[in-house]
Amino acid sequence: MLSLWDFGSQSRLVRSAQRPVRILVVDDDQADALLCKALLERTGLAIEVDMHLSGIDGIAAAELTPYDSVLLDFHLPDGTAAGFTDRIKVAAGDPCLPVIVMSGRSDEDTVLDAIHHGAADYLPKDRMTPAALRRTLENAIEKSTLEREVTVHRTGLIAANEELRRQNREIQSFYHTVSHELKTPLTAIREFNALLYDGILGPVNADQREALQTSVQCCDQLTRMVNDLFDAARIETGKVSLDVRELDITELLRQEVEIMQSTARNANVELVAKLEGSLPALRVDQNRIAQLIFNLVGNAIKFTPAGGRVEVRLERCPELSCYRVSVSDSGCGIPKEQLHRVFDRLYQVAEGDETLSAGLGVGLYLCRQIVVLHGGEIFADSELGAGSTFSFTLPTATVAVSAVSAQDQVARLL
Amino acid sequence: MSVTAEQLNLSPAVAAAPLSLLIVDDHGPIRRALTARCEHAGYRVTTASDSGTALAAALHAAPQAAVLDINLPGLNGFELAERLLALNPQCQITFVTASQDPQFKERAEALGVRAVLRKPFDSAALLEHLSTCFR
């Protein structure tokens, strides 16, 4: 088994021997320094050695020359290696510069202190041989080279992350602007239609009223699409959280089904609700659950031919730990091979069927995200030609309020 | 679908003496539509497309209620609301906005305004809210 620094028969130091390895030796004992230089010259490496007798001189040298490694005596007249290691790196402008501390055997405890202060390794002077020096140098330089690479990659990743964050903010801002700019004229269109429908701008006959009603409904549909698009963008940047309150889920479902009745009637689809009553209140985000039901029931109606049936059920799971809501339709169904993709962002029904192409492909994606935010699960079952059932669970345990950012509460309609 | 003023059971005060309502929105069609809606509901409506004009109009019309867009040229809706409340602390403010900025609701609440309607809104909700302000 290879050790961490075992890179094969030739180290990076030897492989990249286009230039000599520059070593700075700092030792106040000139004899030790000369011995060290002599040993270095016997390592078989192409080496250039500079020698200095004090820590301060070593720092000054490191400032001027880009060394590959520094051999630093632990005890110097002006301090210890523990203090000089970091100062030499700072002077060299290289936090990865490998500083190897040399010491007598009795200094091992204090040498450990130098290691804590950033020394790459240490060599006991009485065991210094050309082979030991070469091995220690190769390991230290290899390690520092890797550290530099990691630093470069890390810096690159930090910059890439920052760039992604900036782009995310830009996308958010763009969606925000689009949403705002689309809704402003939409508000006027909807209100003028409503004024006409209500007869405030003059009398209208039954056919005109029906046309105006459809027009207002289309405005509302467009509004939901804009909201869905905006929500999908916010969800992707993790900006959607829940505004949970205790709620009678049966009543909420009853209201939502009631709201959808006119859409069902227009499509000549029977919409029925089978809701288990007297259930304990649930802590959920009312707007989000309403959005979820609206999307699921809206889809069910859309994909059910005239004369068909959509059924919304609410029941307690057998183990009582959750409620299960299911929306079943007698529509065209979904091919098995597509079933696992229906909750994917931008999933659309098979191309080519113009009658079913309305929608942005974010509705079911949003449904799944809303359920997940509530700690539940969402499922799709279907048989081609025999209809589909979309169901989701909501755990009865309280949704963690800590997940809710007060700042993120969406301004709500009164 | 919207409901008419008659369906809203407006307070006798509204019925007896028309309440003065200030509508501020920089989008002309929205101003016109809201004016038609609110005048039909019995309010005496003054409109403005920016905060400066709105403040001048408020000095003249002394509105008892104001429907304010938030993104306005010059002073924004919150700053305008502060000035209007300084002129008349009893003025009932309602914000309408096409923005989904989650901080808007908090900023409105800081001014003591609970009503933030998201555009496009059902005008029945707006009229219902305005009428509850005076019940």
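This is a predicted model, so every value here is computed, not measured. Below, chains carry the letters A, B, ... as their sequence lines are ordered, and counting in each starts from 1.
Because its NZ or CZ atom is not both nearer than 6.0 Å to the ring centre of Phe343(A) and within 45° of the ring axis, Arg368(A) does not count as a cation-pi partner of that residue.
Residues of residues 252-264 of chain A lying under 4.5 angstrom from chain B, judged on non-hydrogen atoms, do not exist. Of all residues spanning residues 26-35 of chain B, those with a heavy atom less than 4.5 Å away from chain A's heavy atoms are His27(B), Pro29(B), Ile30(B), Arg32(B), Ala33(B), arranged by number.
Residues Ile189(A) and Leu222(A) are not in side-chain contact: their nearest non-hydrogen atoms beyond the backbone lie 4.5 Å or more apart. Asp25(B) places none of its side-chain heavy atoms less than 4.5 Å from the side chain of Ser49(B). No side-chain heavy atom of Ser173(A) sits under 4.5 Å from any side-chain heavy atom of Arg169(A). Using a 4.5 Å cut-off on side-chain heavy atoms (C-beta onward), Glu39(B) and Arg44(B) make no contact. Inter-residue side-chain proximity for Glu246(A) and Leu282(A) is flagged as unmet; no heavy-atom pair is nearer than 4.5 Å.
With a 4.5 Å cut-off on non-hydrogen atoms, Asn227(A) touches chain B through its backbone and its side chain both.
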Let me have the donor-acceptor pairs involving side chains of residues 53-73 of chain B, under 3.5 Å, with sequence neighbours excluded, atom names and distances please.
from: Thr53(B); atom 1: OG1; to: Asp50(B); atom 2: OD1; distance (Å): 3.0
from: Thr53(B); atom 1: OG1; to: Asp50(B); atom 2: OD2; distance (Å): 2.8
from: Gln64(B); atom 1: OE1; to: Ser20(B); atom 2: N; distance (Å): 2.7
from: Asp69(B); atom 1: OD1; to: Lys119(B); atom 2: NZ; distance (Å): 3.4
from: Asn71(B); atom 1: ND2; to: His180(A); atom 2: NE2; distance (Å): 3.2

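Judged by distance alone, the side chains of Gln221(A) and Gln217(A) never bring a donor and an acceptor atom under 3.5 Å apart.
Scanning for side-chain contact (heavy atoms from CB on, under 4.5 Å) contacts around Gln208(A) gives Val204(A), Asn205(A), with sequence neighbours left out.
The two atoms that bring Tyr43(B) and Ser131(B) nearest to each other are OH-N, 3.7 Å, heavy atoms only.
In terms of heavy-atom pairs under 4.5 angstrom with chain B, the leader among Leu186(A), Thr177(A), Thr184(A) is Thr184(A).
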